[in-house]
Amino acid sequence: MAKEEKKKDNINYRGVWEMIAPSYFSRKFFILALVPVALLSAVFGIGEPFIYGNIIDRLVTSVENNFDVSQTVDSVFPLLIIWAALVVLATIVSAIYSFFSWKLANLVLAHFIRRLFDRLLGMDMKVFEEEHSGDLLEKFNRAWDAVWWITEFGIHQVMGMTFVFFGAVGFGFYIDWRLGLVALIPIPFVFIVSFFNLRLSEKHQNVNRKFWERIGAHVGDSFANVTTVKNAAAEERSVTKLMRYYFQAYKNQMRIDKGWAVVDATQGGVYVGGRLLLFVSGVYLVASGATTIGVVVMFLGLAGRYYGSVQQILAQAPHGLKSMSSLNRLLRLWNSIPVIQEAEKPISMKKVSGDIVFDDVSFTYKQGQKHVLRDISYHIKPGQTIALVGSSGAGKSTLAKMLPRFYDPTEGAILLDGVDMRQISLKDLRRNIGFVMQENLLFHDTIFKNIAFVRPGASKRAVVQAAKRAQVHDFIMSTPQGYGTQVGERGVKLSGGQKQRIALARILLADPPVLVLDEATSALDSKTEHDLQAALLEVFKDRTTIVIAHRLSTVIHADVILVMEKGRIVDMGKHNQLIKKPGLYKEYWQIQAGGYV
Ligand code: ADP
């Protein structure tokens with residue numbers, strides 16, 4: 001692996017902290033309010049050994065002085081009452097501490113996922129075209145999990161355990177400084193071993209996240225293409241591939257776990273060894289009359305606090321590393337600055353007339369690569385219907401995607417009502433330009449919500465009216481729940497024509513002055529084609545429409561047909577003009593006459 005590559009696998013802790021810190025700062029007073037509760041919980045925890053150590057000393061004194069039973073009971077009874085009270089109080093405070101820590105974790109998470117989702121949705125369209133959705137989802141879920149866990153562990157447990165540890169250390173020194181010192185001896189070992197293991201496993205952990213993202217992407221891909229998988233009877237192959245990925249992750253995980261097994265064993269060793277050391281030193285001190293049996297018993301109790309707290313913190317370190325690594329994997333996306341940005345002083349445009357000028361537009365997807373669009377110049381007048389026609393890969397979709405500014409021209413400009421689109425407020429621009437692609441038309445929701453998506457709070461009447469105009473109302477009413485019918489993911493429960501008409505109803509409800517539409521290529525039966533055509537003509541009415549046209553009926557009705565080839569406009573005109581002269585359009589027409597262009 002090259003040096004750079006290796007470096008890439010290290011966790012950028014600072015970057016991760018900068019990503020999550022604002023969500024913690026948003027609840028700083030809540031965190032501060034938890035400090036005294038954690039402190040109180042620690043004090044109650046440490047108080048217990050102090051009490052039973054004292055009880056032992058009183059019993060020893062009692063035995064030495066030949067006290068009778070009632071005198072002995074009298075001497076220890078108040079301490080037993082305090083002990084019982086302590087147990088009750090410690091239980092209550094611990095419950096309060098846990099509850100509010102979890103509440104904090106959920107509040108911080110709410111803040112974080114809002115920022116995260118907002119940022120991810122704000123990324124350039126390019127990112128969504130390049131990243132795998134299963135991989136994105138995996139990153140999102142893991143990051144969410146990590147933030148919850150960091151709060152639950154980092155604040156709840158570490159803060160609590162740190163107070164317990166330092167409380168125990170301070171208290172130990174107060175009771176007997178010699179035993180206090182002895183108790184600390186084994187602790188550096190476990191920290192040193194853990195630290196080295198953290199450093200060693202960091203890279204493997206990061207690589208592991210990559211494996212898991214690949215697993216997420218594969219599972220997502222298989223579900224999305226389940227028809228192809230089933231049709232090819234490739235279920236077993238798909239599972240085998242998953243297991244191959246899994247075992248790569250597994251092998252890597254085992255490398256990490258070897259180190260943690262050593263840390264885990266060291267922690268156990270420290271616990272037992274520390275107690276032994278305390279016991280031996282205690283026996284010596286008692287025998288030489290330097291301390292009491294009660295103090296030794298107190299220390300054996302305190303050892304649970306010393307080593308238990310360290311153990312509890314370090315036992316969670318692997319999970320902590322996993323969380324850091326999950327967040328680290330998100331950093332690249334989190335810190336990527338969208339190319340499509342709002343202008344510094346955006347121009348607000350409420351309702352445009354729909355005049356569009358392509359002014360010498362050229363475009364490449366990646367710098368230095370060949371142009372996908374070249375020197376496109378054309379003036380579309382308000383209300384016109386323009387059909388883009390050309391062979392696959394000619395650049396039609398790319399040109400269409402520039403209108404809602406999913407991409408900006410590399411050279412040249414697109415003007416809307418005389419204003420460079422880059423200067424217009426993004427919200428206004430996208431409100432004015434409706435964009436419908438042939439895929440992913442519908443959400444996994446009811447028909448009503450699918451239509452009303454563009455106008456939340458739209459009245460039932462408005463939605464029904466839009467559906468009627470899109471010639472889909474009768475169909476909707478024939479479904480079992482009418483407008484409340486669930487359409488399934490991406491509308492799988494509907495036919496192609498039904499989906500498209502619902503999507504058209506949505507456009508009619510949004511009523512944008514400009515519409516960009518990628519027509520479906522799928523062949524429809526003549527009745528559906530006829531219904532859809534009627535709906536389309538209704539949608540095209542009174543607005544500027546740019547349609548990537550595959551359907552002959554649309555092409556015939558267009559005001560102008562732009563014929564595209566290899567990123568250029570090679571011809572233009574009305575259908576009747578274009579079929580009369582030799583050229584690409586005529587060729588298409590001859591090949592597919594009566595069908596699709
Ligand atoms: P059409 O819609 O006419 O079929 P496209 O606009 O989809 O053509 O594609 C034009 C060219 O741009 C093709 O060569 C295609 O491979 C390329 N292309 C399309 N989308 C992307 C993308 N997201 N990244 C890189 N290249 C792309």
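Both counts, for ligands and for their atoms, begin at 1 and track the order of listing. The residues of the chain are indexed from 1 along the displayed sequence.
Around NZ of Lys230, the count of heavy atoms belonging to other residues, nucleotides or ligands within 6.0 Å does not exceed 12.
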Run the side chain to side chain contact (heavy atoms under 4.5 Å, CB included) test on Phe140 and Phe117 for me, step by step, so that the C-alpha distance in whole Å, both residues' side-chain angles and the decisive distance to 0.1 Å come before the verdict. CA-CA 8 Å; Phe140 186 82; Phe117 200 37; 4.1 Å; yes
Please test Leu321 against Ile11 for side chain to side chain contact (heavy atoms under 4.5 Å, CB included), starting from the C-alpha separation and ending with a verdict. CA-CA 9 Å; Leu321 189 63; Ile11 294 175; 3.9 Å; yes
For residues 386-397, please give each side-chain donor-acceptor pair under 3.5 Å, one per line with the distance, not counting sequence neighbours.
from: Ser391; atom 1: OG; to: Glu565; atom 2: OE1; distance (Å): 3.2
from: Lys396; atom 1: NZ; to: Gly390; atom 2: O; distance (Å): 2.8
from: Lys396; atom 1: NZ; to: Ser391; atom 2: O; distance (Å): 3.1

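Annotation: ligand 1 has protein neighbours Glu129, Tyr365, Val372, Ser391, Ser392, Gly393, Ala394, Gly395, Lys396, Ser397, Thr398, Tyr407, each with a heavy atom less than 4.0 angstrom from the ligand.
In this structure, the ring of His575 has its center less than 6.0 angstrom from the ring center of Tyr585. Taking the six-membered ring where the residue is Trp, the centroids of Trp17 and Tyr13 are separated by 6.0 Å or more.
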